[in-house]
Chemist: 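Got a structure here, written out as C-alpha cells. Questions coming.
Values in this document were obtained by computation on a predicted structure and should not be read as measured data. Computed over heavy atoms, backbone and side chain alike; hydrogens, waters and symmetry mates excluded.
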Amino acid sequence: MESVVDRQPTISALFSKLIKNNQLQHAYIFEGVSGSGKFEMAIWLAQAINCQNRTEEGQPCLSCHQCLRIKNHEHPDVTIVEPEGLSIKVDQVRTIKEDFSKSGMESRRKVLIIQEMDKMTTSAANSLLKFIEEPEGEFTILLLTTEVQKLLPTIISRCQVINFPVRKIEDRIEEISLRDIP
C-alpha cells in the first residue's frame, strides 16, 4: 500500500524542506476530502519533528522509538483531538491550552492534531483562536478539515492552509484493487 509520502509527494516535499531549514510555522490547516491523507500526513509530520534519525532531507526514519510511539498514538508530546459526540467542545480546548502551557516531556516542540476541526463549537473555536494568536512555547498545530469554509475566518487568517488534492481516480482504483476489496 502506498504511503502518504507517495500519495501526496508535493506536500511531503514541502514539509521536508521546512523541517530541514527549521522554518515550520506554528499553525497549519490541512484541507481536503476524506481519504486524501490529511491525518496520515499530520502523523508523518509529527514523526519528522520528533524523529531521532531524521534524514538530511528532513524526513522521519519511521522506525525509531519516537516514530513508532507517534504512529501508535503513545507519544506524550503529540496530542490528537477528535470530536466528543458531534462536536469539539470548549472543555476540550481548555484541556489542550492547559497541556500546552507546559513544556514538552520528551521534546522541545509539541504537536497538536485536531481532527474534524469544522465540527468545533463556536465557543471552542474562539477559545482556540486566542491560543493560536498568542503562541507560548514551541509547538505545531495541525487543524484537519474537509470544510475549511466552516472555520472562523480569524483562525484561517492565522494559519497556513495546505490543500490536499483529490487523487486521480485511476490511482484510487489501483489502491482498492491492491487491498483485495471486492
Chemist: Check for a donor-acceptor pair, side chain of K89 on one end and backbone N or O of E84 on the other, with a separation under 3.5 Å.
Modeler: yes
Chemist: Would you mind telling me which of I29, I114, L45 makes a side chain to side chain contact (heavy atoms under 4.5 Å, CB included) with L142?
Modeler: L45
Chemist: Regarding H75 and Q66, is there a side-chain donor-to-acceptor distance under 3.5 Å anywhere?
Modeler: yes
Chemist: Given side chain to side chain contact (heavy atoms under 4.5 Å, CB included), test T79 with F100 step by step and report yes or no.
Modeler: CA-CA 9 Å; T79 302; F100 275 73; 3.7 Å; yes
Chemist: Have a look at L151 and tell me which of L129, I156, L128 forms a side chain to side chain contact (heavy atoms under 4.5 Å, CB included) with it.
Modeler: I156
Chemist: Calculate, to the nearest 0.5 Å, the distance between atoms CD and CD belonging to Q160 and Q25 respectively.
Modeler: 6.0 Å
Chemist: Yes or no on side chain to side chain contact (heavy atoms under 4.5 Å, CB included) for V93 and M120, after CA distance, side-chain angles and deciding distance?
Modeler: CA-CA 9 Å; V93 175; M120 185 172 279; 4.0 Å; yes
Chemist: Measuring from E133:CD to H26:NE2, what's the distance to the nearest 0.5 Å?
Modeler: 9.0 Å
Chemist: Per the side chain to side chain contact (heavy atoms under 4.5 Å, CB included) rule, which among I162, T146, V148 passes with E31?
Modeler: V148
Chemist: Counting C-beta onward and ignoring hydrogens, is there a side-chain heavy-atom pair between C159 and L143 closer than 4.5 Å?
Modeler: yes
Chemist: Could you tell me whether K17 atom NZ has more than 12 heavy atoms of other residues or ligands within 6.0 Å of it?
Modeler: no
Chemist: Side chain to side chain contact (heavy atoms under 4.5 Å, CB included), that's the test. Do I80 and I43 meet it? Break it down for me.
Modeler: CA-CA 9 Å; I80 301 170; I43 294 296; 3.9 Å; yes
Chemist: Which pair of heavy atoms, one from N163 and one from I11, lies closest together, and at what distance?
Modeler: O-CD1, 3.7 Å
Chemist: Can you give me the closest heavy-atom contact between S16 and W44, atom names plus distance?
Modeler: OG-CH2, 3.3 Å
Chemist: Consider only side-chain heavy atoms of I, L, V, M, F, W and Y, link residues closer than 4.5 Å, and tell whether I141 and I96 are in one cluster.
Modeler: yes
Chemist: So, for P165 and S36, which heavy atoms are closest and what is the spacing to 0.1 Å?
Modeler: O-CB, 4.3 Å
Chemist: Flag the pair C61 / Q52 as yes when at least one side-chain heavy-atom distance between them is below 4.5 Å, and no otherwise.
Modeler: no
Chemist: Report whether L112 and M117 are members of the same hydrophobic cluster (ILVMFWY, side-chain heavy atoms less than 4.5 Å apart, transitive linking).
Modeler: yes
Chemist: If you take the centroid of each ring, where Trp contributes its six-membered ring, are H73 and F39 closer together than 6.0 Å?
Modeler: yes
Chemist: Surrounding CD of E56 (heavy atoms of other residues, nucleotides or ligands, distance under 6.0 Å), is the total greater than 12?
Modeler: no
Chemist: Check whether the side chains of R94 and S127 place a donor and an acceptor atom closer than 3.5 Å, and report yes or no.
Modeler: no
Chemist: Test I19 against L24 for side chain to side chain contact (heavy atoms under 4.5 Å, CB included), laying out the working first.
Modeler: CA-CA 6 Å; I19 289 168; L24 274 180; 4.1 Å; yes
Chemist: So F30 and F15, would you call those rings parallel, tilted or perpendicular, with 30° and 60° as cut-offs?
Modeler: tilted
Chemist: Can any side-chain N or O of Q47 pair as donor or acceptor with the backbone N or O of C67 at less than 3.5 Å?
Modeler: yes
Chemist: Could you tell me whether a side-chain N or O of K38 sits under 3.5 Å from a main-chain N or O of V33, the two making a donor and an acceptor?
Modeler: yes
Chemist: Does the E116 side chain pair with the main chain of L86, one donor and one acceptor, at a distance under 3.5 Å?
Modeler: no
Chemist: Once rounded to the nearest 0.5 Å, what's the spacing between atom CG of D77 and atom OG1 of T140?
Modeler: 11.5 Å
Chemist: Do I49 and L14 share a hydrophobic cluster (ILVMFWY, side-chain heavy atoms under 4.5 Å, transitive)?
Modeler: yes
Chemist: Compare every heavy atom of I70 with every heavy atom of A46, then report the nearest pair and how far apart it is.
Modeler: O-CD1, 3.4 Å
Chemist: With a 4.5 Å limit on heavy-atom distance, are the side chains of T145 and K150 in contact?
Modeler: no
Chemist: Would the distance check show the side chain of S87 and the main-chain N or O of P83 forming a donor-acceptor pair, the cut-off being under 3.5 Å?
Modeler: no
Chemist: In terms of hydrophobic clustering (I, L, V, M, F, W, Y; side-chain heavy atoms under 4.5 Å; direct or indirect links), are V161 and I132 co-clustered?
Modeler: yes
Chemist: Can a salt bridge be assigned to the pair K20 and E57 using a cut-off of 4.0 Å between side-chain N and carboxylate O?
Modeler: no
Chemist: Look at atom CG of N22 and say whether more than 12 heavy atoms of other residues, nucleotides or ligands are closer to it than 6.0 Å.
Modeler: no
Chemist: Is a side-chain donor or acceptor of R54 paired with a backbone partner of A48 at a separation under 3.5 angstrom?
Modeler: yes
Chemist: For the backbone of T154 and the side chain of R158, can you confirm whether one donor and one acceptor N or O come within less than 3.5 Å of each other?
Modeler: yes
Chemist: Determine whether the aromatic ring centres of F139 and F131 lie less than 6.0 Å apart.
Modeler: yes
